[in-house]
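Here is the structure we will look at, set down as structure tokens.
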Amino acid sequence: MAEPDPDRRYRLSDTERDEALGNLRVAFEEGRLDTEEHERRMDAALRAVNNTDLLPLFEDLPRRLVPSAVTGPEPVGPAPAVPETRGGEGSRAAEARTASGEVDWREEYRRDVTRGERGNGANIAGLAGWGGFLLLIWGTPAFMSGSVSAITVFLGFFCLLVLGPLAGQLIAQRNRRLRDNPPGQLGGS
């Protein structure tokens with residue numbers, strides 16, 4: 001196995017280390033490593049700092065088990081410049097179209113994450129599920145009992161755990177829409 005070029009030496013990410021651990025597990029499951037050797041290589045993979053630290057762990061294993069950190073990822077050039085549009089969700093999908101005309105959802109997701117539009121705030125569907133669960137398990141018995149204090153406590157927690165985050169998420173979405181489409185702008189062009 002050829003060693004990566006010196007300029008290809010870099011510090012491992014958690015994802016690359018996890019890939020190496022997974023490939024070692026596959027080699028163990030296939031019977032290519034005994035238990036002691038597997039544990040030794042797993043420890044070495046966990047202690048690996050650079051991609052070259054993984055080289056000796058995969059030298060005697062089939063090429064398909066060698067992680068991309070050792071074989072070297074495909075060279076990546078600078079990202080193409082994409083003009084910022086203000087057309088909302090539809091225009092982002094249009095920006096992420098591939099040569100065949102299909103939407104590249106990975107590219108669209110990457111753009112949303114770099115803009116900070118995904119992964120921040122509460123998941124509205126999750127809040128709806130959580131609210132339904134609370135209503136079924138806690139709210140129904142509280143309302144059926146007719147006790148004012150039980151109903152008040154349930155409604156207080158329901159507002160705190162469900163309606164508060166939901167309102168915050170809806171306000172954040174509204175603010176993002178207003179930021180992307182200022183009120184004086186017509187048609188998003």
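One-based numbering along the sequence shown.
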Considering only heavy atoms from C-beta outward, does the side chain of R32 approach that of P62 to under 4.5 Å?
-> yes
Would you find more than 12 non-hydrogen atoms of other residues, nucleotides or ligands less than 6.0 Å from R40 atom CZ?
-> yes
Does CD belonging to E29 count more than 12 external heavy atoms closer than 6.0 Å?
-> yes
The side chain to side chain contact (heavy atoms under 4.5 Å, CB included) partner of L61 among V26, L24, N23 is L24
Give the intermediate values and the outcome of side chain to side chain contact (heavy atoms under 4.5 Å, CB included) for residues L178 and R174.
-> CA-CA 6 Å; L178 287 175; R174 179 183 161 271; 3.7 Å; yes
E39 side, atom CD; D34 side, atom CG - distance, nearest 0.5 Å = 9.5 Å
For residues S149 and S147, is any side-chain donor paired with an opposing acceptor at under 3.5 Å?
-> yes
Ring centroid separation for W138 and F157, is it under 6.0 angstrom?
-> yes
L54 side chain near R17 side chain, heavy-atom distance below 4.5 Å | no
Can you check whether L155 reaches T152 side chain to side chain, under 4.5 Å on heavy atoms?
-> no
Can you check whether S13's main-chain N or O pairs, donor with acceptor, with E16's side chain at less than 3.5 Å?
-> yes
Joint cluster assignment, L166 & I171, ILVMFWY side-chain distance < 4.5 Å = no
Pairwise side-chain contact, I151 with F154, heavy-atom cut-off 4.5 Å (strictly under) = no
Output yes when R41 and E37 qualify as a salt bridge under the 4.0 Å nitrogen-oxygen rule, no when they do not.
-> yes
Check ion pair E19-R25 (N to O, under 4.0 angstrom) = no
Does L12 reach the side chain of V49, with side-chain heavy atoms less than 4.5 Å apart?
-> no
Side-chain contact, heavy-atom cut-off 4.5 Å: Y10 with N50?
-> no
